[in-house]
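Please read all numbers here as calculations on a predicted model, not as lab measurements.
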Amino acid sequence: MARRRRHPRLRAAALLLVAIPLAGALVAASLAPWVVGTGLAAQSSADLLAPLPVELTDRTFPGPSVVLAADGSVITYFYDRNRQPVPGDRIADVMRQALVAIEDRRFYEHQGLDVEGTLRALARNVLAGSVREGGSTITQQLVKQTLVQTATEAEERRAATEESVGRKLREARLALSLEEAYSKEEILTRYLNTVYFGEGAYGVQAAARRYFSVDAADLTLPQAAMLAGLVRTPTADNPLADPARAVVRRDQVLARMLDVGSIGQAQFDELAGRPVEVAPSPPPPNGCVAAAIGGFFCDYVQQHLTQSLGIPQERLDAGGMVVQTTLRPDLQRSGDAAVLTELPLGDPLAIMFTAVEPGTGHVLAMSVNRVFGYDVADPAQESVNLNVVASQGSGSTYKTFVAVAALEAGFPPYHVITTPSPYVSSVYRNGTEPYTVANVGNYPSTLDMAEALVRSSNTYFVALEDQLGSVEGPVRAAQRMGLFSLDPIADQVVAENRGSFTLGPEATSPLALASAYSTLAAEGTRCAPVPVTAISDAAGGPFALELGGPPVVPAADCTPEAIPPAVATTLNQVLVGDTEAPYGTGLQARIPGHQVAGKTGTSQNRFSVAFVGYTPRYAASVMALNPKRNQDVGSFGGGRGARVWRDAMLPVLSAEPAVPFPPAGLPLEPPPPQRPGSGPQDGPPGP
């Protein structure tokens, strides 16, 4: 609790005017150049009475920014400095005693400047012939450390460390003002949360974890003495790098603690000379390369924060943010296992599993047989987010977009077309030549739309495009459903009237494919993919880019009835046949007891395969391809794609009750023919 005194800045100024010249007179060798004559006169009364800068009114530095999964578990952290601030009651008393003993034995007696301590330090240094003890108080050190660590420009860092009259005077004045504003315990706690202990650890909690794998509250006497000794020389006395020198420095701290009465002779005799016992722990993960789970999802979150929400990476690294994401760890883990069961880590073929939640757009999982990393020499590492980028086509999954456009145009799901194989389009061209397409395998020549979609007949859907007269309807339907990877080329596809659109040759993002099919699962409501649901600051309130500015609030982007609900529910019932009908192409994705709608796809020459499956609660795509060059995948969408989907979704769906799709909004069968004379009559029947 801050102490309240009358006229604190006036009191601080008075103390400064008395203490500094006195210290200068007594220890001219170290202080005179900046405390007497023109040095003091150069400081205006306005400077001496100026309020504390905002850097010193903040109670402590924030910890790292943390990225949380949907269940609250940690995905990773972002930080420039490994710091984990803790309140005073979570720091062992022996740690406080050790630090005061070695750094500022008169800490509880002085008011920010210690003339007696400065004299003593000077005498010891002169006798030793080198600098053995500093003259700055803990409060002065806190001022310097805070100003250095909050500096954002090189000039600010120079101003905080330069050996000049102005810097020394300002530091002294701020130390006095700080003591007027805060209690000793607050200052000591803040210092312990600020100072650097080596090995990348800032603050006592990070240091306790790094060197001893314990919390600051549980530090023992020898551990606390070791850490206190690191404050002045964190590199030279590092117990991990030079254990022998670390013992000497720790024993110096123990001797000082004995001298000031913090420990007894028996404790000193027991510990002095004993080896330093360390149990190091690695620092917390930093960034997506070190993510505990979902490295590619983490990368997607980072891009969303910095690009979509406009949060500078520097702000993220500065710490203090809590980012709540949509990742489902159970689904992420089952997806990871599924892709690695199908293809080993680093195989030339990449296989991606990408899941979203219908009706919210929440991205639930991103799995691939790679680890997120930047080592180009390691085939197992990949820095390009293959779950997001578009590199190959997804084949016949695009037939669903043609079916949506046809149903919207009034064609019923039982619309029958008879096509030969090969089929020559009457509308679309292949350059100057006719556009000709054939089926892969044997297909009935006469099919209705529903069966043709489940069987994935190429000839039927090109003929259906012919009857639509233009590819624009299917293209716009795909865009409205959320196939965002199509957006950059959609107008070109329409302008060229590409009849091949229904066969899915266009480069497709796995995330976009899952998103588009989630619109069917949500009965026509399109929700753009979103990986973040909330962002809070270090105090637990909404995060804002500027103090007092509007909070950065991730918002859902959903469009009800992006396609007619009747069309969506009808296609849901049709596409269940892909995993259940005897002639379905996605039978390997079937999960007994659950309705799974889906569609398979295989691109030209099998350079990629896809399966996209969904239930009312989940939509997920699987794509397999070589991201570096064209390669025959060696399978079809109903093989690798469907198997990975089943293996990933089975653990999750098996743990939940089945949720059926609602009934079709359009009739799936033609109405029965009316018997002659059974229709309505204009008048009463004749005699």
Side-chain angles (χ1 to χ4, degrees), residues 1-3 8-9 11-12 15-16 19-20 23 50-63 81-88 90-91 95-115 117-118 121 133-152 156-157 159-163 166-198 201-207 216 224 227-234 319-320 538:
M1 182 70 68
R3 294 177 297 177
R9 278 179 278 158
R11 180 180 176 83
L15 284 169
L16 184 65
I20 293 179
L52 285 168
V54 65
E55 295 89 346
L56 289 169
T57 57
D58 291 339
R59 296 300 178 91
T60 187
F61 286 97
R81 297 183 176 98
N82 174 22
R83 192 196 312 276
Q84 302 161 46
V86 289
R90 289 178 54 194
I91 300 174
M95 183 68 230
R96 310 166 84 85
Q97 294 164 3
L99 184 74
V100 169
I102 194 64
E103 287 297 313
D104 188 359
R105 67 169 64 190
R106 284 173 38 81
F107 173 69
Y108 291 103
E109 301 169 29
H110 64 66
Q111 293 178 325
L113 300 179
D114 184 10
V115 175
T118 303
E133 183 176 343
S136 295
T137 65
I138 284 175
T139 313
Q140 288 174 284
Q141 293 179 46
L142 174 59
V143 169
K144 181 177 180 180
Q145 288 289 327
T146 301
L147 295 178
V148 169
Q149 293 186 34
T150 56
T152 58
E156 292 178 340
R157 284 188 288 272
T161 57
E162 65 182 356
E163 292 298 328
R167 199 269 291 180
K168 293 287 188 179
L169 279 172
R170 181 170 184 253
E171 186 179 287
R173 191 269 300 173
L174 291 175
L176 291 168
S177 296
L178 202 63
E179 292 257 353
E180 289 292 331
Y182 300 108
S183 71
K184 288 287 188 180
E185 291 308 312
E186 287 174 314
I187 291 171
L188 184 56
T189 296
R190 184 165 164 185
Y191 180 78
L192 282 165
N193 278 314
T194 300
V195 71
Y196 181 58
F197 288 91
Y202 287 80
V204 65
Q205 174 67 12
L227 293 183
L230 288 174
V231 168
R232 290 280 177 174
T233 51

For this session: Take L147 and R170, measure what side-chain contact (heavy atoms from CB on, under 4.5 Å) needs, and give me the verdict at the end.
Result: CA-CA 11 Å; L147 295 178; R170 181 170 184 253; 3.5 Å; yes
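Annotation for A216 and V204: closest pair CB-CG1, 4.0 Å, computed over non-hydrogen atoms. Across T194 and R83, no two heavy atoms sit closer than the pair O-NH1, 3.1 Å. Residues P62 and G320 share a closest heavy-atom pair of CB-CA, 3.6 Å. Shortest non-hydrogen contact noted between G63 and P85 is CA-CD, 3.5 Å. Residues G112 and A175 come closest through the heavy atom pair O-CB, 3.9 Å.
Residue T139 holds its OG1 atom at 6.5 Å from CG of D104, rounded to the nearest 0.5 Å. Annotation: the span from D114 atom CG to T137 atom OG1 amounts to 7.5 Å, rounded to 0.5 Å. Between E179 atom CD and H110 atom NE2 the span is 6.0 Å, to the nearest 0.5 Å. To the nearest 0.5 Å, atoms OG1 (T146) and NZ (K144) are separated by 12.0 Å. Rounding to the nearest 0.5 Å gives a distance of 9.0 Å between CE of M95 and CG of L188. Taking CD1 from I187 and CZ from R190, the interatomic distance works out to 9.0 Å, rounded to the nearest 0.5 Å.
Looking at residues two or more places apart in sequence or on another chain, you find no side chain to side chain donor-acceptor pair (under 3.5 Å) involving R81. Qualifying side chain to side chain contact (heavy atoms under 4.5 Å, CB included) partners for V195, counting only residues two or more places apart in sequence or in other chains: Y191, F197, V231. The side chain to side chain donor-acceptor pair (under 3.5 Å) check on Q145 picks up Q149, with sequence neighbours excluded. Under the side chain to side chain donor-acceptor pair (under 3.5 Å) criterion, E185 pairs with R96, Y108, sequence neighbours left out. Checked against side chain to side chain donor-acceptor pair (under 3.5 Å), Y202 has no partners two or more places apart in sequence or in another chain.
For the pair Q111 and K184, the minimum side-chain heavy-atom distance is 4.5 Å or more.
Between the side chain of R105 and the backbone N or O of V100, no donor-acceptor pair lies under 3.5 Å. Listed for the E186 side chain is a donor-acceptor partner under 3.5 Å among the backbone atoms of S183. At distances below 3.5 Å, at least one donor-acceptor pair connects side-chain atoms of N193 with backbone N or O atoms of V86.
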